[in-house]
Structure formats: C-alpha cells, structure tokens
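A short worksheet on the structure shown next.
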Amino acid sequence: MAMYNDKVMDHFMNPHNVGELENADGSGTYGSPVCGDMMKIDIKVEDDVIKDAKFKTFGCGSAIASSSVATDMIIGLTVDEALAVTNKQIINELGGLPAIKIHCSVLADHAIKSAIYDYAQKNGKSYKGLEGFDPDADEDDHHDSCEVE
Amino acid sequence: MAMYNDKVMDHFMNPHNVGELENADGSGTYGSPVCGDMMKIDIKVEDDVIKDAKFKTFGCGSAIASSSVATDMIIGLTVDEALAVTNKQIINELGGLPAIKIHCSVLADHAIKSAIYDYAQKNGKSYKGLEGFDPDADEDDHHDSCEVE
Amino acid sequence: MRQVYLDYSATTPVKEDVLKEMIPYFTENFGNPSSLYTIGAASKEAIEKARTQVAKLIHAQEKELFFTSSGTEADNWAVLGAADTLKAKGNHIITTKIEHHAMLHSCEYLEKHGYEVTYLDVKPDGRVDPEALKAAITDKTILISIMFVNNEIGTVEPIKELAAIAKERGILFHTDAVQALGNVPIDVKDLGVDLMSISAHKIYGPKGIGALYIRKGVKLSNFIHGGGQESKKRAGTENLPGIVGFGKAAELAGENLDSHVAKISGLRDYFIDQITSKIENVTVNGSREFRHPGNANLTFEFIEGEAMLLYLDLRGIAVSTGSACSSASLSPSHVLSAIGVPVENIHGSLRFTVGDFTTKEDLDYVVTELVEVVNKLRNISSISKT
Amino acid sequence: MRQVYLDYSATTPVKEDVLKEMIPYFTENFGNPSSLYTIGAASKEAIEKARTQVAKLIHAQEKELFFTSSGTEADNWAVLGAADTLKAKGNHIITTKIEHHAMLHSCEYLEKHGYEVTYLDVKPDGRVDPEALKAAITDKTILISIMFVNNEIGTVEPIKELAAIAKERGILFHTDAVQALGNVPIDVKDLGVDLMSISAHKIYGPKGIGALYIRKGVKLSNFIHGGGQESKKRAGTENLPGIVGFGKAAELAGENLDSHVAKISGLRDYFIDQITSKIENVTVNGSREFRHPGNANLTFEFIEGEAMLLYLDLRGIAVSTGSACSSASLSPSHVLSAIGVPVENIHGSLRFTVGDFTTKEDLDYVVTELVEVVNKLRNISSISKT
Ligand SMILES: Cc1ncc(COP(=O)(O)O)c(C=O)c1O
Ligand SMILES: Cc1ncc(COP(=O)(O)O)c(C=O)c1O
Ligand code: FES
Ligand code: FES
C-alpha cells in the first residue's frame with residue numbers, strides 16, 4: 001500500500017473527530033455521492049474560536065484522512081484563522097498526497113468554509129475569508145473536476 | 001536436430017559413394033552454387049547396367065543425403081531403371097524430408113538424368129526416360145525454384 | 001495475520017507444477033527456437049508441445065493457435081488485424097459497452113482512423129441481447145467482437161448464439177475469452193467463433209503470455225512484424241518459458257475444469273450468502289445464472305470502494321473495486337455503468353474472485369472482517385442511513 | 001561430449017542470479033501491479049526498480065523507458081507509432097538494407113499503407129555512409145531508423161553522427177540497439193537518439209521482454225491499446241518476472257560491461273586468428289574495427305552453411321549461418337548481400353558469437369572440429385578446388 005504515507009494511513013485507519021455535533025453552530029456539506037466523495041463538517045464556535053469540529057465523509061482513503069486532519073487543524077483556531085487554512089496546508093499536515101488525490105483535500109478545505117459560512121449566515125457575521133465564497137457555485141466546480149480529473 | 005530423420009542424418013554424416021570416377025562413362029552436373037546446391041554425378045555403365053556411381057555435392061544436409069542415397073539406389077540398376085527413379089522414391093528411401101527440403105531431392109534425380117544423358121550422348125544411345133530431357137533448360141527451372149521457394 | 005487473496009480475476013499465482021516445467025527453459029534449455037541446432041530444436045519442440053496443450057483446452061487445432069505477449073495483444077491483433085484485412089469490405093465494427101479496455105481502446109484507435117464502431121448496450125444482467133446485435137449489423141460491418149466472460153461482473157455471454165448471427169451474415173466473429181478460459185468449457189468449433197483471445201496468467205500460468213486462436217481459413221493481417229516465428233504470423237523471439245508455462249497451466253486447467261468450477265462456485269455462493277445475510281444494503285451485480293464460477297461483484301451502499309479495499313488490505317485481504325476513486329482516470333467502472341448501477345453505488349462496489357487456493361476458512365475470515373469494515377466506514381460516512 | 005554454445009547473438013541463457021531474482025514473482029509476489037493492495041503495490045515497486053536498473057544501463061530517465069514484449073515489438077512500436085503520429089507531416093521513412101526483419105517487415109507493411117521507405121545501402125564494411133543519409137532526406141522524411149549494432153556481421157554504426165544529421169533536420173531518429181545493449185557503452189543523451197529498442201534475452205535476461213526508450217518530449221502513438229499500464233503508453237498486464245529479470249540482467253551488464261567486452265573480444269580475436277591460420281579460403285565479413293566484441297562472421301568457401309552447422313551440432317557446437325538453405329524462405333542473408341558478399345559465399349557463411357560462458361578451451365575444441373568439418377565437406381563438395 002505504497003500509495004499513502006504513514007501519516008495518511010494513520011488518519012485513515014483511526015480518523016479523529018468522526019461524528020456529528022448536537023446543536024452545531026455551523027454545518028457544511030460539500031461534494032456529492034455521484035463524485036464518490038461527500039463531506040459534512042459540524043463546528044462549535046465560542047468567542048469566535050472553533051471549540052470543536054466533527055466530520056462525516058463518504059469517500060476514499062485520502063478524503064477520510066483529509067477530513068480527520070482538517071478537523072484537527074481547525075479546532076482551537078479563530079474563525080479567521082480557520083478560513084485561512086488552505087488545502088495545501090492540509091496536504092502538508094498529511095505529509096503529502098498522491099497527485100491524483102489532491103482534490104480530496106480541496107474537499108475538506110471547502111467543507112470547512114461551508115460550515116463557517118453556515119455559522120456566519122445564522123449569526124449575521126461576515127468574514128473576509130468568506131468573500132466571494134458561494135457553497136453552491138463551488139459545488140458545481142467540484143462536480144466539474146469530478147468528471148474531468 | 002529434429003529437422004531430419006535418422007536415416008537422412010546417417011546418409012548426411014557418412015555419405016556413401018563420395019568422389020569422382022576416373023574414366024566415367026557419364027558425368028552430369030546439376031544446380032548452381034548461386035542456389036546453394038550443386039551436384040555432380042559420375043557413372044560407370046557396363047551392359048546397360050550402372051556398375052558404379054560417385055557424387056560430389058555442394059549443398060545442405062538433405063542435398064548430401066539425397067546424393068548419397070540416390071547413388072546407392074542406382075548402382076546395380078539398368079539405365080532404364082535408373083531413369084525411372086523419381087525424387088519421390090529418393091525421398092521415400094530417405095524416410096521423408098522436410099517440405100522445404102524437397103527440392104534438394106529433385107536435384108539428385110536431375111543429376112542422375114544428366115549423367116545418363118551424357119553417357120547416352122557419348123555412346124550414341126537413346127532412352128525413353130530421357131525424352132524431353134534438356135539439362136540446360138532444367139537448370140533454368142531449378143534456378144527459378146531457387147529464387148521462389 | 002491471515003492472507004486471503006480474492007482477486008483471481010486480476011491475476012493468479014503460477015502453480016508450482018507450472019513453474020517447475022518452466023525453470024529449465026531459462027537456463028539449460030535456452031536455445032532460440034528458430035535455431036537449427038539441437039538446443040534450438042528442443043526449444044521448438046517444447047513450444048509445439050505447449051501449443052498442443054493449449055489448443056486442446058479450447059478444442060482447436062495446433063496450427064490455429066498463435067502465441068502473443070498477452071490477452072491484450074491478442075485483442076489488439078484481432079480487431080486491428082481484421083480492420084486492416086477487411087478494409088476494402090467495410091469500416092464498421094460492432095462490440096459492446098462492457099468489453100475490456102484492450103478491446104475498447106483498440107476500437108477508439110480505429111475510430112480515429114476512419115472506422116465506425118457500435119458499442120452495444122447490455123441488459124441489466126450484463127448479457128447482450130441477440131436482437132440488438134442483429135439490429136446493429138450493416139452492410140459495412142466487418143467484425144463483431146463480444147467477450148465471452150466479463151472481467152468485472154463475471155457475466156457469461158451467449159457466444160454461440162451471437163457467433164451464429166455473425167456467421168449467417170458472413171461477418172467475422174471474435175471473442176475475448178481471457179476470463180472464460182479454465183472457468184467455462186470452451187470448444188471453438190462448437191461455439192463457431194473465428195477469432196478468440198486467451199491469456200495464461202488468469203489460469204495459474206505466467207504473466208506476459210497469451211494467444212490468439214485464428215480459425216483455419218481466416219485471413220488476418222499480422223500485427224507484430226519481423227522474424228518468421230509462429231508460422232510467420234507473429235514475430236519476435238518466443239517467450240519460451242512463458243509458452244511452456246502456458247502449456248502446462250492449460251493442461252492442468254483442462255484436467256481440473258470440473259472440480260475447479262464445482263469448488264469455486266460452491267465457495268463463491270457460500271460467500272455471497274454469508275455477506276448478504278450479515279450485511280444490509282448489499283446488492284449483487286450481474287446475472288446470477290450466467291456467471292463466472294468464482295465471481296462475486298457486490299455493492300455496499302453508502303461507502304466508497306477504495307476505502308474498503310484499503311481497510312481490507314490492512315487485514316490481509318486482497319480484492320478490487322469499480323470505484324472511480326481507485327482508478328487512475330477517476331472514472332467509475334464502465335461495466336457497472338453499462339448495466340445501470342447508479343454512480344454512487346458503483347463507488348461502493350467490490351469484486352471478490354475465488355480461486356483454487358481459496359478455503360472456506362479464508363472466506364469466513366473475510367466475512368467477519370468485512371462486517372467490521374463496512375460498519376466502520378458506514379459510521380464515518382456522510383450519506384449512511386445507519 | 002563438450003557442448004559449446006557460440007550463438008550468443010541469437011539468444012543467451014538466463015544467468016542464475018537473474019533467475020533467482022525472478023522466481024518469487026511467479027508464485028508468492030504475483031500480485032497484479034495495477035492493483036492497489038499490498039501485493040499489487042509490491043509488484044509495482046519491483047517493476048519500478050527494474051525500470052531504474054535498465055534506464056541506468058542506457059543513461060535514460062526512468063520515465064523515458066517503456067517495457068514491451070520484445071525487441072521486435074519495440075521496433076514495431078517505434079516505426080509504426082512514428083508513422084502514425086507524424087503522418088500529417090510526411091510519409092517518408094529512411095532505414096538501411098541491413099536492419100533486422102523486425103524493422104524491414106514493419107517498413108514493408110508501411111509501404112503497403114501509403115508510406116515510402118528508402119533502404120540505404122551500406123559500405124562494404126557494413127557501415128552507413130552519413131553522406132548517403134543526408135542525400136536521402138526529403139521534405140517528407142518523418143523518421144530515420146538505423147540499427148546500432150548489426151546482428152549478423154556485428155558492425156557498429158556511427159549512430160551519434162547519424163542522429164546529429166537527423167536532429168539538424170528536425171527528424172525523429174530511432175535506433176535498434178538490441179545487439180548493442182551490454183556490448184557497447186550506450187548513453188542515449190550523448191548519442192542524441194529519440195527512440196531506442198532493446199531486448200533482455202540478448203544480455204542474459206529472459207526471452208519475451210524488451211523495452212522502448214522514448215526521449216522525454218517525443219510524441220508517439222500507442223501500439224498496444226488497453227489498460228493503463230506503463231503510464232498509459234503500453235497496455236497489457238505486465239510480464240512481472242520478465243521485467244524483474246530484465247532489470248537484474250541490465251544491472252549485471254552495466255557492472256560487467258568493461259570486463260565482458262575485454263574478455264569476449266579477446267576470445268573472438270583469438271578464434272579468428274586460429275581459424276584463418278588453420279583453414280584456407282576463409283574470409284571475415286564486416287568491419288574488423290567497428291564490431292560487436294563477440295561477433296565473428298566467417299565465410300568458408302566451397303561449402304554450404306547448413307551442412308556445416310549440422311556437422312558442428314553433432315559435435316556439440318552451436319552456431320548460425322546466413323545460408324539460404326537454413327532459412328525458412330530459402331533466401332540468403334540480406335545483410336551479407338548488402339555488403340556485397342557473392343551469393344555462393346553467403347551460402348558458406350557461419351556466425352560465431354562468443355559470450356560470458358565461453359572459454360579458450362571451448363574455442364580450441366571448436367577450431368579442431370571445424371578444421372575437420374570443413375575438410376570433410378570440401379571433400380564432398382562439387383565446387384571445392386581442394
Ligand atoms: C476480459 C479480459 N480481456 C483482456 C484482458 C487482458 O489480458 P492480459 O492481462 O493478458 O493483457 C483481461 C485481463 O487483464 C481480461 O480480463
Ligand atoms: C538487431 C535486432 N533487432 C531486433 C531483434 C528482435 O528482438 P527480440 O528477439 O527481442 O524480438 C533482434 C534479435 O532477435 C536483433 O538482433
Ligand atoms: S474521494 Fe474519490 S478520489 Fe478521493
Ligand atoms: S541445398 Fe539449399 S536447401 Fe538443400
């Protein structure tokens with residue numbers, strides 16, 4: 001299984017933060033089963049800091065590992081900091097992904113934004129990092145890449 | 001060396017009647033070095049019976065074996081009988097030849113005819129078996145087959 | 001940890017008896033079969049013996065069988081060779097949507113070179129409808145190529161019936177029998193096919209050796225040009241040990257056909273019963289009746305195949321999946337698509353193939369582990385109902 | 001009886017170290033390299049290791065090397081692939097009269113499909129005249145293919161110079177290096193070639209495995225279509241043990257190149273000296289200077305090659321001949337014809353190739369036996385002067 005490195009395999013085999021949050025402050029879903037990957041992230045926010053995050057993912061090994069590491073990464077960050085998390089950072093944190101699997105980390109990055117977007121909508125907040133972010137438009141984008149890649 | 005059977009190999013390894021006859025009564029050459037096979041047969045004829053025959057052959061294993069067995073076959077035959085020897089009989093006597101090597105036995109059969117033709121010419125004789133036989137015309141024929149086969 | 005290989009349709013290990021036959025041809029009996037001297041002639045003899053062994057397994061004559069480097073090469077030769085030979089007669093080829101890529105990509109190549117290809121739909125059970133074939137034939141049809149047994153869902157196609165349709169219309173008929181060999185009885189004469197591809201590594205022979213059956217009298221352009229090997233029809237110094245291995249493997253496959261089929265179909269049925277009774281939301285893809293004896297292609301809803309495959313691998317279990325996520329092109333199985341499996345279900349499909357070295361204990365182990373894996377992944381899944 | 005194999009250019013035995021590396025990949029490590037699970041990934045790794053080993057021998061990058069089923073397939077791929085890729089640019093191909101049949105018959109196939117081929121003459125020593133190449137180039141020339149080392153007379157062609165001419169004119173350059181590999185130093189970058197064919201069974205590796213070097217940036221249509229193996233450039237389940245064996249053989253060939261060349265060229269020269277001093281009317285065919293280190297191609301006047309070959313075989317000695325009588329087509333060696341050897345002398349030609357397992361004692365034995373054989377056959381011969 002030379003495909004994934006040990007860190008990825010670790011997160012894949014024993015993913016952190018699996019589940020759903022009751023009374024989540026924000027919740028975002030990204031991807032589609034048709035594409036083979038769909039991720040849902042719930043967040044708990046207090047004083048603009050992400051106190052907890054949980055995920056559920058339908059997807060491949062790297063989608064699950066990305067979800068696990070991404071939720072790990074944002075817990076304890078301010079919302080602004082969480083919005084600044086890029087899929088590149090997620091990949092770095094995982095110690096790298098196979099080229100063909102990069103898109104699975106994009107998924108995590110977008111699911112986080114979606115969850116924060118939901119939180120912002122519900123609480124009438126606005127964040128710089130959400131400017132120009134449209135969860136539905138992006139969904140199309142991802143759909144495209146699911147066909148093309 | 002599954003190519004040739006044991007009988008062919010025997011005649012090839014230890015060919016009978018190799019050489020030339022001093023004061024041959026008839027001598028015939030057939031084939032051409034360009035074709036890779038040339039056979040010379042000398043015969044000694046007494047009372048219309050072939051008393052001795054010798055050959056020299058430039059050619060492949062089956063050409064040498066055919067020469068050996070063909071000379072064996074005609075020694076002791078009358079000239080008419082010798083003229084009746086076909087390449088098919090030579091092949092039978094050898095216990096068969098690979099399809100691609102059949103033409104080497106034709107060679108022996110023609111060389112015998114050439115030698116008898118020479119004998120007939122020298123002694124003003126004529127044989128039924130020589131009717132229509134022209135050593136030179138045939139030489140062309142064989143040349144053709146040397147290109148085509 | 002127990003190691004359970006359940007991917008016999010991908011490839012098989014070489015049986016010890018097969019390898020034993022091959023070994024001398026690497027070192028001592030290494031002569032070039034085209035050479036006239038003794039060790040060359042011995043190699044030639046070994047090849048002819050193997051040809052007899054393989055020909056016997058499909059009831060062909062020796063001189064109708066030509067060794068190639070793989071089933072893939074045999075497929076390429078059949079379709080590209082026929083297209084070239086018959087181009088004056090027409091430019092239309094009929095095949096199916098569920099063929100192996102060796103056939104599909106060869107056809108796509110031909111489409112770029114002036115040929116037209118009809119890719120027949122199949123019924124939901126994976127079988128070609130003979131009426132659909134009849135309807136697709138035109139005046140320009142020069143070749144019909146339909147696989148004998150599908151590699152993903154194991155469906156056995158009605159080749160005899162389809163070949164008869166081709167024959168009636170005077171059209172050349174090829175079948176890719178790579179998955180059929182050793183798993184269903186094959187009699188080329190009875191089937192009435194003109195061309196047939198087979199491969200050694202699916203029947204416990206070595207990788208890198210296959211063959212094309214060309215019915216006596218059928219004209220086919222050469223595909224690999226060069227030396228006079230294989231009666232001047234397929235050039236290249238022969239893969240001598242590979243051919244010898246193919247021969248031995250074919251001999252064993254012939255001897256064991258009945259017991260092999262009985263054994264692996266029994267195990268496969270047991271496995272499907274266990275899985276479907278212990279796991280919910282599982283479906284079997286493809287015909288149950290007309291099926292490769294070792295094939296179980298199952299969809300586990302709500303979860304993705306690559307993840308399952310890797311979890312199983314960590315437990316020593318080797319299987320394959322039709323999931324897009326596991327393919328280099330990220331496109332889901334074209335076979336499962338063709339039989340109408342929804343894309344999200346294709347992602348959750350696994351192919352298990354049972355083989356000669358599989359035991360009931362192996363399968364019990366797999367069932368136990370699979371229950372755990374499916375539960376765990378469904379627990380993680382965002383679309384699971386459970 | 002002593003057995004002396006002197007036909008290393010026809011094929012070589014697999015070295016024990018090579019076979020040892022291969023064995024596990026038949027039985028235990030048999031996974032399909034395309035499979036994701038552990039034993040599949042292990043096979044993939046083994047292939048990539050072999051790719052590194054082979055690439056190193058020719059100083060190529062790993063991703064420039066694609067495994068094929070033989071040198072023949074590599075030759076076919078190069079010329080048919082280039083013809084297809086570049087057909088919009090032109091339809092003219094230049095090669096030589098002394099190429100292997102893998103190239104010549106591929107070119108003949110192209111001639112039947114709208115291409116024009118120039119077959120360059122060679123000089124009496126077997127070498128291509130660079131000026132002749134320049135003169136043959138037209139606006140329509142899309143490929144130049146000239147072999148590195150000739151298989152019959154061992155002539156080493158001035159590839160670097162010829163490739164430079166191609167490059168200057170922006171024309172793709174292929175070389176068939178099947179006989180060069182392991183016998184002359186090869187550096188694809190330094191040579192400046194775009195495509196190069198090689199084969200394992202000429203360097204003590206297994207039969208049925210070869211490779212095509214495709215310089216980075218060169219576009220070439222696929223030849224065998226199907227699965228995504230070999231970076232989607234050459235389909236078919238990989239001949240895993242074959243590839244592993246090729247890798248090991250290449251590694252050994254690289255390590256031993258200098259000593260191998262020194263040893264076999266020394267033996268070969270000794271052999272030629274002995275023969276020419278002990279037998280009259282013998283000529284050496286082809287350049288003495290630019291020559292495969294193990295090759296001695298000799299003409300024994302007045303006698304025929306097949307007969308010599310068989311007599312030698314009975315004495316345990318394996319050699320080959322350019323005689324028409326030994327070929328399936330009964331046509332004399334096109335290579336010896338091309339260098340101007342008279343047809344009757346071609347019939348009397350033998351090729352001896354010395355290899356790693358040849359000893360001086362072997363050669364002394366061959367010399368003794370050969371003297372006897374030549375005498376005996378000249379004694380039988382109808383055209384012998386002696
Ligand atoms: C149905 C089918 N056709 C063709 C092939 C290709 O054969 P090979 O692996 O020998 O190239 C395979 C297996 O890979 C197959 O399953
Ligand atoms: C110069 C040359 N090219 C090509 C080939 C063909 O290679 P293979 O035997 O691997 O098909 C050979 C050997 O047979 C050869 O000597
Ligand atoms: S989820 Fe499909 S490739 Fe990762
Ligand atoms: S003499 Fe040339 S084939 Fe017999």
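Letters A, B, ... are given to chains in the order of the sequence lines, protein chains preceding strands, and every chain is numbered from 1. These numbers come from the heavy atoms of this one structure, side chains and all, not from hydrogens, waters or symmetry mates.
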Comparing C/Thr12, C/Asn29, C/Val18 against chain D, the one with the most heavy-atom pairs below 4.5 Å turns out to be C/Thr12
Return the minimal non-hydrogen interatomic distance between C/His101 and D/Gly227, and the atom names on each side.
CB-N, 4.0 Å
What part of D/Glu16 is in contact with chain C, defined as an atom under 4.5 angstrom from a non-hydrogen atom: side chain, backbone, both or neither?
side chain
Residue from C/Lys232, C/Glu238, C/Met22, C/His113 scoring the most non-hydrogen pairs under 4.5 Å with chain D is C/His113
Which heavy atom of D/Thr72 sits nearest to which heavy atom of C/His225, and what is that distance?
CG2-O, 3.5 Å
Turns out that what part of D/Leu80 lies under 4.5 Å from chain C's heavy atoms comes down to side chain
From the list C/Tyr25, C/Phe30, C/Phe26, side-chain contact (heavy atoms from CB on, under 4.5 Å) with D/Pro206 holds only for C/Phe26
Between D/Gly226 and C/His105, what is the shortest heavy-atom contact and its length?
O-ND1, 2.8 Å
Please determine, among D/Ser69, D/Gly245, D/Ser34, the option with the most heavy-atom pairs under 4.5 Å with chain C.
D/Ser69
Per-residue contact mode, D/Ser106 against chain C (heavy atom under 4.5 angstrom)
both
Could you tell me which portion of C/Ser326 (side chain, backbone, both or neither) has an atom closer than 4.5 angstrom to a non-hydrogen atom of chain D?
both
Which answer fits D/Leu104, side chain, backbone, both or neither, if we ask what part of it has an atom under 4.5 Å from a heavy atom of chain C?
neither
Looking at D/Ile243, D/Val14, D/Leu240, which has the largest count of heavy-atom pairs under 4.5 Å with chain C?
D/Val14
Using non-hydrogen atoms and a 4.5 Å limit, figure out which bit of C/Lys112 sits close to chain D: side chain, backbone, both or neither.
neither
Checking heavy atoms, do the side chain of D/Asn32, its backbone, both or neither come under 4.5 Å from chain C?
both
Measure the shortest side-chain to side-chain distance between C/Thr237 and D/Ser70 over non-hydrogen atoms and say whether it is less than 4.5 angstrom.
no
Can you check whether D/Phe223 reaches C/Ile224 side chain to side chain, under 4.5 Å on heavy atoms?
yes
Taking the side chain as everything from C-beta on, heavy atoms only, tell me whether D/Asn239 gets closer than 4.5 Å to C/Ile209.
no
Which of D/Leu314, D/Leu310, D/Asp313 passes side-chain contact (heavy atoms from CB on, under 4.5 Å) with C/Thr38? It is D/Asp313
Shortest non-hydrogen contact between C/Gly31 and D/Lys207, atoms and distance
O-CE, 4.1 Å
For chain D, which candidate among C/Asn222, C/Asp75, C/Val319, C/Thr321 shows the most heavy-atom pairs at distances under 4.5 Å?
C/Val319
Go through C/Gly236, C/Gly316, C/Ser320 and name the one with the most non-hydrogen pairs under 4.5 angstrom from chain D.
C/Gly236
From CD1 (D/Ile317) to OH (C/Tyr37), nearest 0.5 Å:
13.0 Å
Go through the atoms of C/Val79 and report whether side chain, backbone, both or neither lie under 4.5 Å from a heavy atom of chain D.
neither
Which distance, rounded to the nearest 0.5 Å, do you find between the CD1 of D/Ile39 and the CG of C/Asp7?
8.5 Å
Proximity breakdown for D/Glu108 and chain C, heavy-atom pairs closer than 4.5 Å
neither
Find the one option among C/Met103, C/Lys15, C/His201 whose heavy-atom pairs under 4.5 Å with chain D are most numerous.
C/His201
Region of D/Tyr204 in contact with chain C, defined by heavy-atom distances below 4.5 Å:
neither
Under 4.5 Å from a heavy atom of chain C, the part of D/Asp84 involved:
side chain
